[in-house]
Structures are given as structure tokens and as C-alpha cells.
Amino acid sequence: MTNSVASAAALASSPDIAPPRVRFAPSPTGFLHVGGARTALFNWLYARKYGGKMLLRIEDTDRQRSTDESTRAIFDGLAWLGLDYDEEVVFQGSNLARHQTDVAALLASGAAYRDFTPAAELERMREEAAASKSPFRFDRRTAELPAEEEARRLAAGETFAVRFRVPDGVTEWHDAVHERIAFPNKDIEDFVILRSDRTPVYNLAVVSDDIAMGITMVMRGDDHISNTPKQILLYRALGAPVPEFAHVPMIHGTDGKKLSKRHGATAVGDYQHQGLLPSTMINFLALLGWSPGDDTEVMTLDVLLDKFSLDGLQKKAAVFDPQKLDWMNGQHLSMLPLETIMPHVYPAFERLGVSTREELHARDEWFRGLVDLLRVRARTVDDIALQATPYFSEDITYDADAVSKQWRDADASAQILMATRERLADLPAWDTASMETALRNLAEELGISGGKIFQPLRVALTGLTASPGIFDVLLYLGRERSLDRMQSAVRFLKQDSAV
RNA sequence: GGCCUCAUCGUCUAUCGGUUAGGACGCCACCCUUUCAAGGUGGAGAGACGGGUUCGAUUCCCGUUGAGGCUACCA
């Protein structure tokens, strides 16, 4: 919401908090995952609802796995969904100096210490612990090194990692979705905050950046719950205010396991290319792990914004149901203003080779009318394009089932088709009202039901048994093409009965 | 293994101590109807288990079970 009147109205209903600053912080190591997109959505809704700021931070500190392509996919995905953000995008990798400064401060205050234990040695201890089935916790062997020994090893050029000195006690917080969560500090080991190559580890980088960005509310997946006590400890040691936390539930696949590639499309881009509407994705994702509290289901972004509140956040993981997604897209397809869906329709026609953008624009009014006719019976924009094929291609292929069902008696069908063609050819005007009058009269004269005429005609015109109303089909196909198709059908039927 | 989190129809959810436990997707039937959709009506379908607290528990507490997450000098 960029509209100031609207945001002022939203503010009036906001909780008694200062405008929140939230962030979406994906790591660019794959495509924008639906889970990530939902986290972004909730953050966005929260920021926009309460007049706050939504920031974007790319956590690219893992040089091995981070790619520019992936960063672009995140930007593209957010843009497609219509989730914008404020201020400059922050790239975590460029904050290295600050991260190191923060570690130095922690070292200076005694909140952290140097650990000279070689990685291989740590590995060995971990394996030993695993073998004896006892939990491994760093034994603090280097937590209290005498100053002179430390100086000596430093001078000798020994490498070291920096570990946070976890204090005694219990670390707890009030989570916006889980209420109170507490971790006894004895269960938290002295975790590494700076690697021996002087690069920061995740928890330190996140806290350092969230402090620098002035983040007041951290909303993220609940797989981060166990990172939270470590981060809270870091905030305190750094002398910074601890933000609020909201841990939203995970999204699972149909088998109850964490959503992954096995479950099919998990990248937002996949759905975009399958002809899903962005408003559907938003609507569907919002309802996974959040509820407006009433029975409203099909919603556009502005309605979502109106209804959103932290209270509706769920604790339980939600299963991603592709069937409901499909249904919802069908709802959006028929409910949204035609202008809103048209931009998504043109690319589908091109992608599926049904038509070209130039051709479509050349007779845009006709095209929009056709889309309007088809959208109510489609579930994706690709469906629309596929169903529109008979109105674009020169040739027509008769579906085998359609032929055997509706043209069972070839001679009779040909007779009816010829009579039908004659009446339509004589029509003074090509409009649905005249068509209907003419054909209903014909049916009465022949003493048959309308369906006996409409059904064979539908096959002749589209090759299929399913289509929009038959008069609309005639209208959109046009007089010439309709009459041609009927002629071809008669030819086909006569040939067929001759064999 | 340890720590943390979670638990209402197959799935998404409503319920904030008292309801014939409501809605939606999916499934089935019927209606509408020139077909297919859409729409309408109806149906089958749930409080994991065991203890408490209470006049009364899906709801509050404890335990069990199950599920998920974390457990790196990854993020």
C-alpha cells in the first residue's frame, strides 16, 4: 500500500507499537521457494498494514552456493507476486567489515573468546560423542586461556575461530505466534561466530545486520526457533535491543514431510510458468499458516491487507495442496477484472504457440471477448490458450470420443448438419439471438430436441464435446469459418459412411 | 541420542469452557442446462490416547504417542 490515506487508516487500527521494520532475508542458493515467498508475504503484510518498512536482505555469505541467477530469481519472484520493498537491498556479503568489528567488540568485552582447536580435532570429538550416544557440546577447553599463552599462539601464527561465551541461565522470549519459548543455556554450546578464515557465521551476520538495519520484528520460518536463543544472546552482548520474534510454521508436502523437489513444483517461478496467476499464489500462500478468522477464502491482496493480523498466524505446519491451488486459480480467473488477467494471457498464447501477440492485438476486442468466454471454464491461463485452439487453427481434428458419441449415425448427422448450415447461411445477421431462433425453429420442424442439433454442430465446429455455449462458438468463430467447418464435417461424415 | 516446536474431517481451517463441532478443497448425489465449466442444494468425513481441573472440556494443566525442526568454522 503506497496510498497515504489508506495507510493512515490502517495505522488507526494498528497495535500500540512504533512503525515496525521487518525484513525478508533469503539466501540466493536456489530459486524463490514457496515457503520463502510466504515468509516474504507475511512480512510485507505486517509492514504495510502497520505503516512500517519492509526491507530485503540477500544473505550471500556462502560464496560456494550463492549465485547471481538465484538473486535474480528472488527479485523476479517478488516482483511477479507484487511484493515490493523499501530502501536499498542489503547484500550481507558487503557487510563483512562490520561483522568483524562486532566480533572484535565481543572479544574485547570478554563475551567471546578465541578457540585454537583445529577443525579436525573438533570433528574427532564429535564422532566420539556420536559413538557413545552422548550429546556433543564444545568443552570450552580454550575459554579461559592465559593471556600470555594466547599471545604466544597468536604470534606463532596459529589459526583460530571465535566462539561466543554462552552465559548461565535461561534464554526466553515471547514469540508472537508461540507465546513463551525458553531454552536452558546449558543446552547451547559456545557457538562459533567467526571462522578461522575471518568470515562471520550465520547467527552473527544476521544479528549484526538486523541491528544495523534497525529491524524491530523478525518474522521467519519456525525452523529458526533454535537459532533464536543464540541470536538473543548476541543482541544482549552487543548491547542492542532485542527485536520481537514471530516464527511461522513450515509448509509441508502432501506426505507430511518438508516441502521439497520431490513434491513437484516448489519454486514460485514454476507456477508462474504453468499459467498460475500471481494473485492466486498470494491468496493461497496466505491461507497456509494464517487464517482471517472467518470463512473468507478467495481474497485479493488488498482484502488480505485489510484482514491481516498476527493473531491469525497458525502454529501447525501446513500441507501444500495443489488441488486447492488449482481451484483457487479458477476462482481468480473468473472473478478478477478481465484487464487484470489479460497481461498473463498473452504470454500463454505465445508460449503454447496458439497465436502471436501481434495477431492478438490486431483483433483485441474479439480476443478479449473470447477469453472472457473461456476463463470461467479454465483453471490456468494455459487452459485458456489450449481451449482457444479451435478459434485459431485452420485445420480441425475431430476427437475420437466426440465422433463416436455425437456422430454415431454418420448419415443422420450429415443431414442435420447440412440443414443447420443452410439455415445459418441464410441468416441476415450473425448474432446469437438470430442463430438461436433459427436453430430452435429447425429443431421444432424436424421434431427433435435442440441438443440433437447443437451437439453434432459443436463437434463440427470445435472437434470436441465440450465448449462454451454453441451460439457463442459460432459468433467467435465467425460466419465464414463456421460454415466452412460444417462443410468439412459433412464431407468427413459422407466419406466415413461410404467406407 | 539431546534440545525445541506442534497435534480438530484425507487437506486448509473456525471454535478463544456449554455448538446437532461451522466453512473451504477433494469425493458422491441431485438441481440448473445444448456440452463442458461455473453456480445452487444435499451427503459421507474430525477433536490422537490416558489422566487430572471443572457442574461441564476440542478448548486449561500433566503425561503418553505421533509428527516436524535444530543439533557445522551451511544459511
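Labels below follow one simple rule: chain letters A, B, ... track the order of the sequence lines, proteins then strands, and each chain is numbered from 1.
Base-pair partner of B:G66: B:C6 (Watson-Crick or G-U wobble, both distances under 3.5 Å). Shown here, B:A38 forms no base pair; nothing in the strands shown gives a Watson-Crick or G-U wobble contact with both key distances under 3.5 Å. B:C60 is paired with B:G52 under the criterion used here, namely a Watson-Crick or G-U wobble arrangement in which both key atom distances are under 3.5 Å. Of all nucleotides present, only B:A24 satisfies the Watson-Crick or G-U wobble test against B:U11, with each distance under 3.5 Å. Base pairing of B:G45: no nucleotide in any strand meets the Watson-Crick or G-U wobble criterion (both distances under 3.5 Å).
Counting any heavy atom pair closer than 4.0 Å across all strands shown, A:Q314 reaches sugar-phosphate atoms only and no base atom. Among the atoms of the strands shown, only primed sugar atoms or phosphate atoms (P, OP1, OP2) are found under 4.0 Å from some heavy atom of A:A182. Note on A:A119: a base of the nucleic acid sits closer than 4.0 angstrom, heavy atoms only. Across all strands, A:G330 comes closer than 4.0 Å to no nucleic acid atom at all (heavy-atom distances). Using a 4.0 Å heavy-atom cutoff across all strands shown, A:A161 reaches at least one base atom of the nucleic acid. Among the atoms of the strands shown, none is found under 4.0 Å from any heavy atom of A:T462.
Within the structure, every side-chain polar atom (N or O) of A:R137 is placed at least 4.0 Å from both OP1 and OP2 of B:G2. The phosphate of B:G68 (OP1 or OP2) has a side-chain N or O of A:K257 nearer than 4.0 angstrom. Of the side-chain N and O atoms in A:H252, none sit less than 4.0 angstrom from OP1 or OP2 of B:G68. The phosphate of B:A75 has OP1 or OP2 within less than 4.0 Å of a side-chain N or O from A:T61.
The distance between atom CD of A:E179 and atom P of B:C60, rounded to the nearest whole Å, is 11 Å. One interatomic measurement links the two molecules: CG of A:D326 to P of B:C12, which rounds to 17 Å at whole-angstrom precision. Put simply, CD1 on A:I181 is 11 Å from P on B:C4, counting in whole angstrom units. Residue A:K315 contributes atom NZ, which lies 12 Å from atom C1' of B:C16 at whole-angstrom precision. If you take CD1 of A:I232 and P of B:C4, they are 15 Å apart, rounded to a whole angstrom. When rounded to the nearest whole Å, the span between CG of A:L122 and P of B:U71 equals 15 Å. Atom pair A:K230:NZ and B:C70:C1' shows a separation of 8 Å (rounding to whole Å applied). The distance from atom CZ of A:F183 to atom P of B:G69 is 15 Å, rounded to the nearest whole Å.
Partners of A:F160 by ring pair (Phe, Tyr, Trp, His ring centres under 6.0 Å), not counting sequence neighbours, listed by chain and number: A:F116.
Mapping A:D115 and A:P135 onto RNA chain B by nearest heavy atom places A:P135 closer to the 5' end of the strand. Looking at which nucleotide of RNA chain B each of A:D62 and A:L288 is closest to, the 5′-most match is held by A:L288.
With respect to A:E444 and A:R440, no salt bridge is recorded, no charged nitrogen being found less than 4.0 Å from a carboxylate O.
The side chain to side chain contact (heavy atoms under 4.5 Å, CB included) with A:R220 is formed by just one residue from the set A:T228, A:I225, A:V248; it is A:T228.
A:S196 contributes a side-chain N or O that forms a donor-acceptor pair with the base of B:C73 under 3.5 Å.
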Exercise. Going 5' to 3' along nucleotides 22-39 of chain B, which nucleotides have protein heavy atoms under 4.0 Å from the base (write B), which only from the sugar-phosphate (write S), and which from neither (write -)?
Worked result: BBBSS-------BBBBSS
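You'll find the ring centres of A:H224 and A:Y202 inside the 6.0 Å limit.
For A:P184, taking side-chain heavy atoms from C-beta onward, the closest of the listed nucleotides B:A75, B:C3, B:C73 is B:C3. The side chain of A:H178 approaches B:C6 more closely than any other nucleotide in the set B:G1, B:C6, B:A75. Of the candidates B:G69, B:A72, B:A7, B:A7 carries the atom nearest the A:K316 side chain, counting heavy atoms from C-beta on.
Rounded to whole Å, the separation between the C1' atoms of B:C36 and B:A21 comes to 37 Å. A gap of 7 Å separates the C1' atoms of B:U58 and B:U8, to the nearest Å. For the P atoms, the distance from B:C62 to B:G43 is 39 Å, rounded to whole Å. Taking atom P in both B:G26 and B:C12, one finds a spacing of 15 Å when rounded to whole Å. Of the C1' atoms belonging to B:A14 and B:C25, the separation is 15 Å, rounded to the nearest Å. Only the C1' atoms considered, B:C61 is 24 Å distant from B:U19, to the nearest whole Å. B:A38 and B:G47 have their C1' atoms separated by 34 Å, given to the nearest Å. Distance check on atom P: B:U59 versus B:A48 gives 8 Å, rounded to whole Å.
Between A:Y85 and A:F75, the ring planes lie tilted relative to each other; the angle falls in the 30° to 60° range. Between A:Y113 and A:F138, the ring-plane angle classifies as parallel under the 30° and 60° cut-offs. Below 30°, between 30° and 60°, or above 60°: for A:F183 and A:W173 the angle between ring planes is below 30°, a parallel geometry.
Shortest non-hydrogen contact noted between A:L457 and A:L474 is CD2-CD1, 4.3 Å. Minimum interatomic distance between A:A286 and A:W290 (heavy atoms only, all atoms of both residues): O-CB, 3.0 Å. Nearest heavy-atom pair, A:L288 versus A:R38, reported as atom, atom and distance to 0.1 Å: O-NH1, 2.6 Å.
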